[in-house]
Amino acid sequence: MERCLIKIEDYNYPLPEERIAKYPLKNRDDSKLLVNVDGTFKDEKFVNIAEYLPENSLMIFNETKVVPARLLFQRQTGAVIEIFCLEPYHPEDYQISFAQTASCRWKAIVGNVKKWKGDTLHLYTQADTSAEITSIDMKANLIERVDNTCIVEFSWDGGLSFSKVIELCGKIPVPPYLNRDTEAIDYVRYQTMYARNDGSVAAPTAGLHFTEREIGQIKAKGIETDYLCLHVGAGTFLPVKSEFIADHKMHSEPFSVSVKFLEKLLQFVNNKPVISVGTTSTRCLESLYYIGVHCIERGEPGFVDQWEPYRDEGYSYSAAEALDALIVYMKSHNLSQISSRTCLIIVPGFKYRIISYLVTNFHQPQSTLLLLVAALIGEQWKGMYQFALDNGFRFLSYGDSSLLKNFY
């Protein structure tokens, strides 16, 4: 595939500011649903999604949980500095880092970093700050600068876990294109109803529409459900600044799946539909194919490079062969779960190996997420987005949803 010839300007469309959903609807499943499973576009209600899902299929959700990753600190001069936690640095494991009770180090984006001269910062507090928060006495120290990020060491008193500390002191990082500060509603609604694994700094927004009602209807139709975990990073909001997509560096994100999950997935690939809820689930699922290929060709799993799927010679292994190789590796090494990272980029020309259907929101112009949709439905994406604009659909994270079928 001549990926170098893909120009990001060819994946642009007019998105008026008023079409961006700044707040969620009253009820999660009040949203609209654009259905495109036969090459035509249908304006539906999300609550009816089960009617359009194929029977005897497997629906997969990302159960990551958004953490209050924005923390405000203050210098002795009075200057306020925001530290946006991206991912744990030491301990590197998410669960271990969140369990720390005195200190930990995180990779972070620091606002006004030029004003931080390396002095110890103290948690920013105001007159109405609760006694519980002030008693934590949280501090931040700059360890080193790495490109556009920093390594920051947090320390605190009180014996609370780091997860509890940021729950009390942090803010949910709502998307920058909302152009507003975090509000009370975001702590509930910028989170899926099934979120349970702390680690994301952005929500897997396709899942925000689901309630117990839809899940029940899906299961009643005989559709199986399962969960994986990919922690969504801030890179999901990064625009493509290069003229050609080949020059764009894709962000890396950690994920984990269990051997039981893989065994169930193996029962469906190649002969039964797999429905992915969200682009994050999709990137994880499609990465599993290449990790399985690593097991076949190298004898062990490895990191998925962003352009690996596009090598000239391609891969002839079936999805079943790749997943089976990964399962065999895990069992031979007594692994009940495998954790890895992926920087997979999905652009037109990509061959989907795992998923048959995708549930997803409407994405920003000239974004890698829009390219992922175009890779799934081809040039239909233009008509689909125009249909959405013409029919009152709401866009981006708090916007409406779509159900798409893989046509390739």
Side-chain angles (χ1 to χ4, degrees), residues 28-29 31 33 35-38 44-65 191-197 203-230 255-289 291-292 318-328 330-331 335-340 352-361 372 376 401-407:
R28 291 180 183 270
D29 55 7
S31 54
L33 177 71
V35 180
N36 179 17
V37 295
D38 58 4
E44 253 291 1
K45 298 177 180 178
F46 188 84
V47 70
N48 297 326
I49 188 172
E51 296 178 14
Y52 297 93
L53 301 178
E55 296 180 354
N56 300 315
S57 56
L58 173 64
M59 195 168 205
I60 297 173
F61 302 84
N62 183 3
E63 62 183 3
T64 187
K65 187 175 183 180
Q191 202 80 266
T192 64
M193 51 161 278
Y194 46 79
R196 68 173 186 173
N197 293 317
T205 56
L208 296 180
H209 309 276
F210 287 88
T211 69
E212 293 289 353
R213 173 164 54 178
E214 285 74 44
I215 300 295
Q217 292 170 343
I218 288 166
K219 291 181 177 180
K221 193 172 180 178
I223 297 171
E224 294 194 45
T225 60
D226 211 332
Y227 300 85
L228 53 76
C229 182
L230 180 143
F255 68 87
S256 60
V257 294
S258 68
V259 69
K260 289 184 178 180
F261 171 89
L262 291 169
E263 288 175 333
K264 178 180 284 190
L265 183 60
L266 182 58
Q267 296 172 20
F268 285 83
V269 295
N270 293 350
N271 53 46
K272 296 179 183 179
V274 174
I275 306 162
S276 176
V277 178
T279 57
T280 59
S281 297
T282 298
R283 290 183 67 231
C284 180
L285 287 168
E286 295 297 327
S287 295
L288 292 174
Y289 173 83
I291 292 176
S318 69
E321 288 174 320
L323 292 177
D324 184 63
L326 179 53
I327 292 169
V328 169
M330 291 176 66
K331 288 187 173 180
L335 298 175
S336 61
Q337 183 168 294
I338 189 166
S339 298
S340 187
Y352 282 92
R353 306 281 186 162
I354 305 293
I355 78 162
S356 311
Y357 290 78
L358 170 65
V359 178
T360 190
N361 284 16
L372 183 151
L376 190 79
S401 184
S402 66
L403 172 64
L404 312 175
K405 184 178 180 178
N406 180 9
F407 291 107

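Positions are given from 1 along the sequence.
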So, using side chain to side chain contact (heavy atoms under 4.5 Å, CB included) as the criterion, who are the partners of [X] when residues are at least two apart?
{"X": "Ala325", "answer": "Cys295, Ile296"}
{"X": "Asn36", "answer": "Leu34, Phe41, Ile377, Gln380, Leu404, Phe407"}
{"X": "Ala203", "answer": "Val66, Tyr190, Thr205, Leu208"}
{"X": "Val328", "answer": "Asp324"}

Report the residues that fulfil salt bridge (Lys or Arg N to Asp or Glu O under 4.0 Å) with [X], sequence neighbours left out, ordered by chain and then residue number.
{"X": "Glu51", "answer": "none"}
{"X": "Arg353", "answer": "none"}
{"X": "Glu214", "answer": "none"}
{"X": "Lys264", "answer": "Glu224, Asp226"}

Taking all atoms of both residues into account, what is the closest heavy-atom pair of [X] and [Y], and its distance?
{"X": "Cys284", "Y": "Phe255", "result": "SG-CD1, 3.4 Å"}
{"X": "Gln217", "Y": "Val47", "result": "OE1-O, 3.1 Å"}
{"X": "Arg28", "Y": "Ser31", "result": "O-OG, 3.5 Å"}

Between atom [atom1] of [X] and atom [atom2] of [Y], what is the distance when rounded to the nearest 0.5 Å?
{"X": "Leu358", "Y": "Thr279", "atom1": "CG", "atom2": "OG1", "value": "7.5 Å"}
{"X": "Asn406", "Y": "Tyr352", "atom1": "CG", "atom2": "OH", "value": "7.0 Å"}
{"X": "Leu288", "Y": "Leu266", "atom1": "CG", "atom2": "CG", "value": "11.5 Å"}
{"X": "Lys219", "Y": "Thr225", "atom1": "NZ", "atom2": "OG1", "value": "4.0 Å"}
{"X": "Glu63", "Y": "Thr192", "atom1": "CD", "atom2": "OG1", "value": "8.5 Å"}
{"X": "Ile338", "Y": "Phe261", "atom1": "CD1", "atom2": "CZ", "value": "13.0 Å"}

Apply ring-ring contact (aromatic ring centres under 6.0 Å, His included) to Phe46 and list each qualifying residue two or more places apart in sequence or on a separate chain.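 Counting only residues at least two positions away or on another chain, Phe46 forms a ring-ring contact (aromatic ring centres under 6.0 Å, His included) with His209, Phe210.
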With Val269 as reference, evaluate Leu285, Ile354, Ile355 under the side-chain contact (heavy atoms from CB on, under 4.5 Å) test and give the passing residue.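 Going through Leu285, Ile354, Ile355 one by one, the side-chain contact (heavy atoms from CB on, under 4.5 Å) with Val269 is satisfied by Ile354 alone.
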In chain order, what residues pass the side-chain hydrogen bond (donor to acceptor under 3.5 Å, both in side chains) check against Asp38, with sequence neighbours excluded?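 Counting only residues at least two positions away or on another chain, Asp38 forms a side-chain hydrogen bond (donor to acceptor under 3.5 Å, both in side chains) with Thr40.
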Side-chain polar contacts of residues 55-62 - donor-acceptor pairs under 3.5 angstrom, sequence neighbours left out - could you list them?
from, atom 1, to, atom 2, distance (Å)
Ser57, OG, Pro54, O, 2.6
Asn62, OD1, Thr64, N, 3.2
Asn62, OD1, Leu230, N, 3.0
Asn62, ND2, Leu230, O, 2.9
Asn62, ND2, Thr280, OG1, 3.0

Give every residue pair that meets the salt bridge (charged side-chain N to carboxylate O under 4.0 Å, His left out) criterion with at least one member in residues 275-286, sequence neighbours excluded.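 The answer is Glu253-Arg283.
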Below 4.5 Å, heavy atoms only, C-beta onward: do Glu263 and Lys331 meet side chain to side chain?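 With C-beta onward as the side chain, the pair touches.
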Within the structure provided, determine whether Tyr194 and Val277 are in side-chain contact (heavy-atom separation under 4.5 Å).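 In short, these two side chains touch, coming nearer than 4.5 Å.
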Do other residues, nucleotides or ligands put more than 12 heavy atoms under 6.0 Å from the NZ atom of Lys45?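 Not more than 12 within 6.0 Å, no.
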